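Remarks on the structure that follows.
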Amino acid sequence: MEHILSIFNTLTRKKELFVPLNPPFTGLYVCGPTVYGDPHLGHARPAITFDLLFRYLKNLGYKVRYVRNITDVGHLENDADAGEDKIAKKARIEQLEPMEIVQHYTERYHKAMDKLNVLSPSIEPRASGHIIEQQQMIQQILDNGFAYEKNGSVYFDVEKYNKSYSYGKLSGRILEDLMANTRELDGQGEKRNPFDFALWKKASPEHIMRWPSKWSDGFPGWHLECSVMSTRYLGEVFDIHGGGMDLLFPHHECEIAQSVAAQGKEAVRYWMHNNMITINGQKMGKSLGNFITLDELFNGTHKLLVQAYSPMTIRFFILQAHYRSTLDFSNEALQAAEKGMQRLLNAYASLDKITAADKTTVDMAGLRQKCFDAMSDDLNTPIVIAHLFDSVKTINSVAAGSGSLSKEDIDELRNVFSLFLFDILGLQAETNSSDNSKTLEEVVNLMLNLRMEAKSRKDFETSDKIRNELTKIGFEIKDKKDGFEWTLKV
RNA sequence: GGUCUCUUGGCCGAGUGGCUAGGCACCGGUCUGCAAAACCGUCUACUCCGGUUCGAGUCCGGAAGAGACCUCCA
């Protein structure tokens, strides 16, 4: 690999050189959504962050297997024994089969991801499709003595595990502190310790989602699915595990414990965590009632939104911040992102209009290498974007007549923009192309030709009227020396 | 309460011992019949208090404020 990628490993809290276990193959597992509600802004961040990583790894020449799961069972409302499964709860409220809920919201999630130009993962496994494997892993953990059965449920014995290994190494927690600080929750009677977590839960009589097992008719614990499905598809040890920072504890900590307890070694080599999106400085959360669904963003229907924001605006907005920083949402910030992105796309388009000169008189200064360097420095997309903006200035000033670019350099700019803007950052021009687009184009050209005629008669009242009305509809009119240009803004 | 993180200009957001981040907004100019777009230019920073250093927004210590996790969340 000609570019050396370093990524921040949460396990060591350092940037580390990324060296795959079995190059050129590399495995990436990311915690996907629990499909019990519409996808929201918070889902977009890990999806886009790891889509970026997926795209970049592929671009560096790795053969990437990207596994992103769908959680459709076992994710409880809280950690108490009485906690209800999120999917089951939604099913009960809406009087549907749990799998109808799963189907519905999985499709909603996929549609939103498509709009955001998030590539499909290589494999998208479901927890409910891996019940047997989960049971096998539970048995392994039981056999190794790190779990216990109680009334048909199986729990992970954290205290015992901690005697041989270190529970809390990922999140920087110390078990003694946890013991001192964990709150007592109702219905924890079956656990030996409050921080023990369920591997298998016996289903109460009214619980619909249930599978037979040697312990009871029940369902697997939430943390288990990721341990099982990641190693099933990527091997006992694999390269990268990603997810949101909020999953660091307890979810990912439990995953490590499960893998070590079952197979005697850790499964994950690099842990990566994206930071949260905040709204007015506060984390978006279901319980806080301040979360915005992606559809609401795309349509501008949420009360916090002053306008609709296109999927690419959202994507660009997210990429303008580094994935490990919190990103604060506001209309102002999104509007800035919208304009900035348009500026980048416009500059790319105007490359086609530049006439090549014999030689280049502007500074190109190793744009391609600078972009690669920024990407390879723990996916520093804000820097990549800043470099592209520097080139926008170059392109525009040449287009405006100051300086010149050779054919080779125009091609280089086109290639670098295409590579980083479209292939790696995953942005795309948002055209409103429809079947009528050609007709529309002709109609608009007709209007603007009329305006030209009016202008030549110095009939500015008419010409302004045409332009103003078109602007009102959403067109952007630009007069040129020998004609006009127009675009239809979303 | 415990653990951890953050505090950059009007807004968003990089950087991390010395050299302009970038975007958006604003302002001045060029272009235009007027605009828009584009171009040129200007302005606005590093929470506070100590320390280390020739030099700190950047390292160390302290204070204040904010946030995250510890409980469902991406």
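Everything numeric here is computed off the predicted structure, so don't read it as measured data. Throughout, a chain's letter reflects where its sequence line sits, starting with A, and its residues are numbered from 1.
When each of M276(A) and F249(A) is assigned the nucleotide of RNA chain B bearing its nearest heavy atom, the one mapping closer to the 5' terminus is F249(A).
Whole-Å rounding puts the F420(A) CZ to G22(B) P distance at 19 Å. In this structure, CG of L345(A) is placed 15 Å from P of G23(B), rounded to the nearest angstrom. As a whole-Å value, the separation of L319(A) CG from G23(B) P is 17 Å. Rounded to an integer number of Å, the gap from CD1 of I48(A) to C1' of A74(B) is 12 Å. Computed from coordinates, the E338(A) CD to A25(B) C1' distance equals 14 Å when rounded to whole Å. If you take CD1 of I318(A) and P of G23(B), they are 21 Å apart, rounded to a whole angstrom. Atom C1' of nucleotide A74(B) and atom CZ of F50(A) are separated by 10 Å, given to the nearest angstrom. L247(A) places its CG atom 7 Å from the P atom of A74(B), with the value rounded to the nearest Å.
Taking the charged nitrogens against the carboxylate oxygens, E469(A) and R467(A) have no contact shorter than 4.0 Å, which rules out a salt bridge. One finds a salt bridge joining E94(A) and K90(A) here, because a Lys/Arg side-chain nitrogen approaches an Asp/Glu carboxylate oxygen to under 4.0 Å. Using a cut-off of 4.0 Å between Lys/Arg side-chain N and Asp/Glu carboxylate O, D51(A) and R315(A) are scored as salt-bridged. Under 4.0 Å is where a charged nitrogen must lie from a carboxylate oxygen, and between D38(A) and R108(A) at least one such pair does. Here K393(A) does not pair with D390(A) in a salt bridge; the nearest charged N to carboxylate O distance is not below 4.0 Å. Using a 4.0 Å cut-off between charged nitrogen and carboxylate oxygen, E412(A) and R368(A) count as a salt-bridge pair. A salt bridge links R414(A) with D352(A); the closest basic N to acidic carboxylate O contact falls under 4.0 Å.
Scanning RNA chain B for stems, defined as runs of 3 or more consecutive Watson-Crick or G-U wobble pairs whose donor-acceptor distances all fall under 3.5 Å, gives the following ranges: B:1-7 with B:64-70, B:10-12 with B:22-24, B:27-30 with B:38-41, B:47-51 with B:59-63.
Taking the six-membered ring for Trp and thresholds of 30 and 60 degrees, Y167(A) and F197(A) have nearly parallel ring planes, at less than 30 degrees apart. In this pair, Y348(A) and F422(A) present their aromatic rings perpendicular. The plane angle is above 60°, beyond the 30 to 60° band. Classification of the H43(A)-H40(A) ring pair by plane angle, with boundaries at 30° and 60°, yields tilted.
S128(A) and D72(A) form a side-chain donor-acceptor contact under 3.5 Å, judged by distance and modelled atom types alone. Side-chain atoms of H273(A) and H252(A) form a donor-acceptor pair, as typed in the model, at a separation below 3.5 Å.
Across all strands shown, G42(A) has heavy atoms under 4.0 Å from base atoms, whether or not it also approaches the sugar-phosphate. Contact annotation for M245(A): no contact, since no heavy-atom pair falls under 4.0 Å across all strands.
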Listing time: all N or O pairs from protein to nucleotides 3-11 of chain B that are below 3.5 Å?
from: C11(B); atom 1: O2'; to: E332(A); atom 2: OE1; distance (Å): 3.3

Please write out the pairs of protein N or O atoms and N or O atoms of nucleotides 13-15 of chain B separated by less than 3.5 Å, giving the distance to one decimal.
from: G13(B); atom 1: OP1; to: D328(A); atom 2: N; distance (Å): 2.9
from: A14(B); atom 1: OP1; to: H322(A); atom 2: N; distance (Å): 2.6
from: A14(B); atom 1: OP1; to: S325(A); atom 2: OG; distance (Å): 2.9
from: G15(B); atom 1: OP1; to: N380(A); atom 2: ND2; distance (Å): 3.1

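Residues E225(A) and P220(A) have side chains not in contact (no heavy-atom distance under 4.5 Å, counting atoms from C-beta outward).
For A74(B) and C39(B), the P atoms lie 41 Å apart once the distance is rounded to whole Å. If you take atom P in C59(B) and the same atom in C19(B), they sit 15 Å apart, rounded to whole Å. When the P atom is compared between G2(B) and G15(B), the two are found 31 Å apart, to the nearest whole Å. A distance of about 28 Å separates the C1' atoms of G67(B) and G51(B), rounded to the whole Å. The separation of G62(B) from A45(B), taken at their C1' atoms, amounts to 24 Å, rounded to a whole angstrom. Nucleotides U47(B) and U42(B) have their C1' atoms positioned 27 Å apart, rounded to a whole Å. Taking atom C1' in both U5(B) and A25(B), one finds a spacing of 30 Å when rounded to whole Å. Atom P of U53(B) sits at a distance of 16 Å from the matching atom of U58(B), rounded to the whole Å.
Listed pair K339(A) / A25(B) meets the phosphate criterion, a side-chain N or O lying under 4.0 Å from OP1 or OP2.
Partners of F389(A) according to the ring pair (Phe, Tyr, Trp, His ring centres under 6.0 Å) rule, which considers only residues two or more places apart in sequence or in another chain, do not exist here. Annotation: ring pair (Phe, Tyr, Trp, His ring centres under 6.0 Å) contacts of F249(A) (sequence neighbours excluded): none.
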_Sugar-phosphate or base contact per nucleotide [nucleotides 30-42 of chain B; S, B, -; heavy atom under 4.0 Å]_ = ---BBBBSSSS--
